[in-house]
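These numbers come from a predicted model, not from an experiment.
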Amino acid sequence: MDTAPDALVTYGLLAAWALHDAEEVAFGPRWLRDNLPRLRARFPDVPEAVWTAAGRVDDREFRAAVAVMAVIVGSAAVAGRRSGGRSAFYQGALNGFGLHGLVHLAQAAAVRGWTPGSATSPLIVVPFTLWARGRLRRAGVLRPTRARDVVAGLAVAAGATVLSHAAARALTRF
């Protein structure tokens, strides 16, 4: 067992997330608008309400959602640092971040091409998550990960995304 994980393990979550989300901010809403007709045709079983909601997200709302998510991820990083990496909130956010990266890779595979977030996922998101989990493991503070933890991590990441977009929608209405 090493000593408690250093700040790079905990605050690194926020840094890795920021680098990843810079890709999403730079390309996300425009890519979606440009590709919406192709996505609708390729995935006809997706309910129209999903496509309509996705098409309504403009650049301003998307940037606001990313800012809200920054608060969530930043709070998780602080909780991780304060707890020496033991925080369930931090470890859940770390796991959710890594799983989020895998979702981006699956999206790219599904559309057979690049999607916003798919470039930084194999370069930053997944490697950082694996590295940080290894450091937590060596420090003896990594919580065991079971199948239900994977499902919970994906659910929390999805919930945080929905919350971020709902808050952004409310903030950008003015």
Report whether L19 and F128 are members of the same hydrophobic cluster (ILVMFWY, side-chain heavy atoms less than 4.5 Å apart, transitive linking). no
I'd like to know if the side chain of R81 and the backbone of V9 have a donor-acceptor N/O pair within less than 3.5 Å. no
Shared hydrophobic cluster for W131 and L94 (ILVMFWY, side-chain gaps under 4.5 Å): yes
For R133 and N95, run side-chain contact (heavy atoms from CB on, under 4.5 Å): C-alpha distance rounded to whole Å, both residues' side-chain angles, the deciding distance at 0.1 Å, then the answer. CA-CA 8 Å; R133 285 179 51 83; N95 292 337; 2.9 Å; yes
Side chains of R42 and N35: closer than 4.5 Å at any heavy-atom pair? no
Rounded to the nearest 0.5 Å, what separates atom CZ in R63 from atom OG1 in T172? 10.0 Å
Identify the two heavy atoms, one from V126 and one from G98, that lie closest to each other, and give their separation to 0.1 Å. CG2-O, 4.3 Å
Rounded to the nearest 0.5 Å, what's the gap from CZ on R137 to CG on L130? Could you check? 9.0 Å
Return the orientation label for the H100 and H104 ring planes: parallel under 30°, perpendicular over 60°, tilted otherwise. perpendicular
Hey, does W17 have a side-chain heavy atom less than 4.5 Å from the side chain of M69? yes
Would you give the length of the straight line joining atom CG of L171 to atom CZ of R60, rounded to the nearest 0.5 angstrom? 9.0 Å
Are V156 and V71 connected in the hydrophobic side-chain network, where two residues link if heavy atoms are under 4.5 Å apart? no
From CZ (R169) to CG (D58), nearest 0.5 Å: 10.0 Å
Which heavy-atom pair separates S118 from P122 by the least distance, and what is that distance? O-CD, 3.0 Å
State, to 0.1 Å, how close E61 and R56 come at their nearest heavy-atom pair, and which atoms those are. OE1-O, 4.4 Å
Does the side chain of D6 reach to within under 4.5 Å of the side chain of R135, using non-hydrogen atoms? yes
Aromatic rings H165 and F62: how do their planes relate, parallel, tilted or perpendicular, breaks at 30° and 60°? tilted
Quick one: pull up NE2 in H20 and CZ in F97 and give me the separation to the nearest 0.5 Å. 6.0 Å
Between V111 and R38, what is the shortest heavy-atom contact and its length? O-NH1, 3.6 Å
Heavy-atom closest pair (A168 atom, A65 atom, distance to 0.1 Å) is CB-N, 3.3 Å
How many angstroms lie between atom CG of L163 and atom CD1 of I72, to the nearest 0.5 angstrom? 5.0 Å
Side-chain heavy atoms of Y90 within contact of L136, under 4.5 Å: yes
Quick check: does any side chain N or O of E23 sit under 3.5 Å from a backbone N or O of G117, one acting as donor and the other as acceptor? yes
Please determine whether residues V125 and V103 belong to a single hydrophobic cluster, defined as Ile, Leu, Val, Met, Phe, Trp and Tyr linked transitively by side-chain heavy-atom distances below 4.5 Å. no
Scanning both residues in full, the closest heavy-atom pair of S75 with F89 reads C-CE2, 3.6 Å
Should V78 and L14 be regarded as members of a common hydrophobic cluster, given that ILVMFWY residues are connected when their side-chain heavy atoms come within less than 4.5 Å of each other, either directly or indirectly? no
Please confirm whether the backbone N or O of R86 pairs with a side-chain atom of R143, one donor and one acceptor, at under 3.5 Å? yes
